[in-house]
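Have a look at the structure below, then the notes.
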Amino acid sequence: MAGLSAEPYKGTRDFYPEDMRIRDYIFSTWRHVVESYGYEAYDAPLLEPLDVYAAKSGQELVNEQTYQFTDRGDRRVAIRPELTPSVSRMIARKRQEVAFPARWYNIGQFMRYERPQRGREREFWQLNVDIFGVNGSKPEAEIITLGSQILQSFGADEKMYVIRINNRKVINFMMAHYLGLDTVQAQLMIKLFDRKGKIPHEAFRDQAIEIFGDAAASDGLKKIAELLAAKSMADLPESIRDSDAVREVQDLFTLLEQAGITNARFDITLMRGLDYYTGTVFEFFDTHPENNRSLFGGGRYDGLVGLFGAEPVSAVGMAPGYSMTELFLTAHNLLPVMNSSTELYMVVLPDADEGAATLAKELRQQGVKVEVDITERKVDKQLKTAIKKQIPYVIFVGESELKSKVYPLKSTADGSEEKLSFERLVSKILDRRTRSHAADDDVFDIG
RNA sequence: GCGGAUGUAGCUCAGCAGGUUAGAGCGCUGGUUUGUGGCACCGGAGGCCGUGGGUUCGAACCCCAUCAUUCGCCCCA
């Protein structure tokens, strides 16, 4: 027999217990932070009719990057490649019943068929956070603040990332009225701006000339240079600055400043690929030299709910992904050492099986998470197993302990050992748990 | 979908210009140590050298293809 491959399917990964501890840590941090802002959990189906995505996500996403198939009833369906269309559908369906503003979040699993890369897999997990039913800049400010708070709850400071912000209305105004481009030219120019950081200056200039056409090129290049030189909105050319779109962005920056955000930057080249964004778009960027990339992003998408036949509902959201978060935390050395969730490992000595089982039962009734060694191996082997599993405490149970009811409790972290009665044993272990939770609360303290 | 790099033990990698039985460190496992780990010493297991084909008397090594991983492009939820 040739044997089956033990490798996971392309673009997916296995989560072993030690990986799962990290994942749980990241998920629970996400959950703590968003719930502290009043967001409530929801979920949507794994499968959606294909045309849910066809409408607004962008052609390439739908045609090339979805896992799709025809079901037994001849329906075209796709495994969800993102959640925004689904949540918009859910909002539309209960348009009359939902209490607005609705603050919803989801931590879920998605698939997209594309070439796996660092930080980008075919199967991935992400947090979706959305606020529905509020116009103006306050929802954007809240979502961006939330994104910032999430990173800081992992221990990051504002030097580790930068927030880039732009606005689709500014982009449209700029393309049409300032640069005088038609729809086709504007599309091309948006793509070009998007790639600005990745291509040489000469290539950027040459392609810009091509889009303008010879006649308009020299004037157009001058205007683009002016735009790119703008480090803040105050630097923008007068004719752009004096527009509702720009005033909207200014409002947002004022709110962010009030919220104490110091690392947000206006960036006229930030575009984002999704077709459904209608206003603010933003991206959190890692500033670490080895991981200089977009961590996650989001924006305003006021048109999506209305596509499902309901009255339009305004919406702002973002979606931090698991892989990028993990890379960010690793690059900045922010991942804590994660112990096993098991608290106590019971080393069982000869002829103590029965007594050990009873003791374990009593400990569990007190809420202690205890694993009993049932191998009958030598003590050193049993002890090594506990250490390898990163279980914080080990207890030795033999005939004499069962008789005296005093147990040696060993800490695997520092090797210290003390003899404790059952009650003190329980309180010591539960006390440790309380302390580590207290530490968690510090982390999640919203300043 | 396009380009570059890489594929040898569980992991990180050596394998000189093609020449008999393929190596190291770490890890795993047994013992020294029949109630206490991470140290030391002594043993042991574990590789169709990613896969298929070709060149050659002979291939881990050269050629072709394929798959996988990875970096970049495209795209980015």
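Because the structure is predicted, anything quoted here is derived from the model rather than measured.
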Self-check item: RNA chain B: 5'-proximal contact among Phe396(A) and Gly119(A) (nearest heavy atom)
Solution: Phe396(A)
Self-check item: 5' precedence on RNA chain B between Ile387(A) and Pro8(A) (nearest-nucleotide basis)
Solution: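 Per heavy-atom nearest nucleotide, the more 5' residue is Ile387(A).
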Distance check, [atom1] atoms only: [N] and [M], in whole angstrom units.
{"N": "rG30(B)", "M": "rU20(B)", "atom1": "P", "result": "36 Å"}
{"N": "rA24(B)", "M": "rA9(B)", "atom1": "C1'", "result": "11 Å"}
{"N": "rA17(B)", "M": "rC73(B)", "atom1": "P", "result": "35 Å"}
{"N": "rG10(B)", "M": "rU21(B)", "atom1": "C1'", "result": "24 Å"}
{"N": "rG43(B)", "M": "rC26(B)", "atom1": "P", "result": "14 Å"}
{"N": "rA60(B)", "M": "rG19(B)", "atom1": "C1'", "result": "13 Å"}
{"N": "rG31(B)", "M": "rG53(B)", "atom1": "P", "result": "44 Å"}
{"N": "rC13(B)", "M": "rA65(B)", "atom1": "P", "result": "27 Å"}

Over all strands shown, is [X] touching base, sugar-phosphate only, or nothing at heavy-atom distances under 4.0 angstrom?
{"X": "Ser400(A)", "result": "base"}
{"X": "Lys384(A)", "result": "sugar-phosphate"}
{"X": "Gln117(A)", "result": "base"}
{"X": "Glu283(A)", "result": "nothing"}
{"X": "Thr385(A)", "result": "nothing"}
{"X": "Arg115(A)", "result": "base"}
{"X": "Gly297(A)", "result": "nothing"}

Between the base of [N] and the side chain of [X], is there a donor-acceptor distance below 3.5 Å?
{"X": "Arg112(A)", "N": "rC76(B)", "result": "no"}
{"X": "Glu114(A)", "N": "rG1(B)", "result": "no"}
{"X": "Gln65(A)", "N": "rA77(B)", "result": "yes"}
{"X": "Gln382(A)", "N": "rU36(B)", "result": "no"}

Got more than 12 heavy atoms from elsewhere within 6.0 Å of [atom1], [X]?
{"X": "Phe204(A)", "atom1": "CZ", "result": "yes"}
{"X": "Asn333(A)", "atom1": "CG", "result": "no"}
{"X": "Arg424(A)", "atom1": "CZ", "result": "no"}

Quiz item: Would you call the rings of Phe253(A) and Phe266(A) parallel, tilted or perpendicular, where under 30° means parallel and over 60° means perpendicular?
Solution: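 Answer is perpendicular, since the angle exceeds 60°.
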Between [X] ([atom1]) and [N] ([atom2]), how many Å, whole number?
{"X": "Ile79(A)", "N": "rA77(B)", "atom1": "CD1", "atom2": "C1'", "result": "15 Å"}
{"X": "Leu327(A)", "N": "rC71(B)", "atom1": "CG", "atom2": "C1'", "result": "14 Å"}
{"X": "Met324(A)", "N": "rC76(B)", "atom1": "CE", "atom2": "P", "result": "16 Å"}
{"X": "Arg377(A)", "N": "rG30(B)", "atom1": "CZ", "atom2": "P", "result": "8 Å"}
{"X": "Ile391(A)", "N": "rG38(B)", "atom1": "CD1", "atom2": "P", "result": "18 Å"}
{"X": "Tyr345(A)", "N": "rG35(B)", "atom1": "OH", "atom2": "P", "result": "17 Å"}
{"X": "Asp380(A)", "N": "rG35(B)", "atom1": "CG", "atom2": "C1'", "result": "10 Å"}
{"X": "Arg120(A)", "N": "rU70(B)", "atom1": "CZ", "atom2": "P", "result": "13 Å"}

Quiz item: Rounded to the nearest 0.5 Å, how far does CG of Leu127(A) lie from CG of Leu83(A)?
Solution: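 The distance works out to 10.0 Å.
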Does the side chain of [X] get closer than 4.0 angstrom to OP1 or OP2 of [N] through an N or O atom?
{"X": "Lys381(A)", "N": "rG30(B)", "result": "yes"}
{"X": "Lys378(A)", "N": "rG30(B)", "result": "no"}
{"X": "Lys388(A)", "N": "rG27(B)", "result": "no"}

Quiz item: Counting side-chain heavy atoms from C-beta on, which of rG35(B), rU36(B), rA77(B) comes nearest to Glu82(A)?
Solution: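 The closest nucleotide is rA77(B).
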Quiz item: How far apart are the closest heavy atoms of Leu270(A) and Glu283(A), and which atoms are they?
Solution: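 Result for this residue pair: CD1-OE1, 3.1 Å.
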Quiz item: Do you know which two heavy atoms are closest between Phe27(A) and Tyr322(A), and how far apart they sit?
Solution: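 Nearest heavy atoms, Phe27(A) then Tyr322(A): CE1-CD1, 3.8 Å.
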Practice problem: Step through it carefully: locate the ring centre of Tyr39(A), locate the ring centre of Tyr105(A), and say whether they are under 6.0 Å apart. | Solution: no
Exercise. May I ask you to check whether Trp125(A) and Phe15(A) place their ring centers less than 6.0 Å from one another?
Key: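 Between Trp125(A) and Phe15(A), the centre distance is under 6.0 Å.
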Quiz item: So, is the end of the Arg168(A) side chain (NZ or CZ) under 6.0 Å from the ring centre of Tyr277(A) and within 45° of the ring's axis?
Solution: no
Quiz item: Where does RNA chain B pair, written as one dot-bracket string 5' to 3', with Watson-Crick or G-U pairs under 3.5 Å, ( ) inside the strand, [ ] for crossing pairs and | for another strand?
Solution: (((((((..((((.....[...)))).(((((.......))))).....(((((..]....))))))))))))....
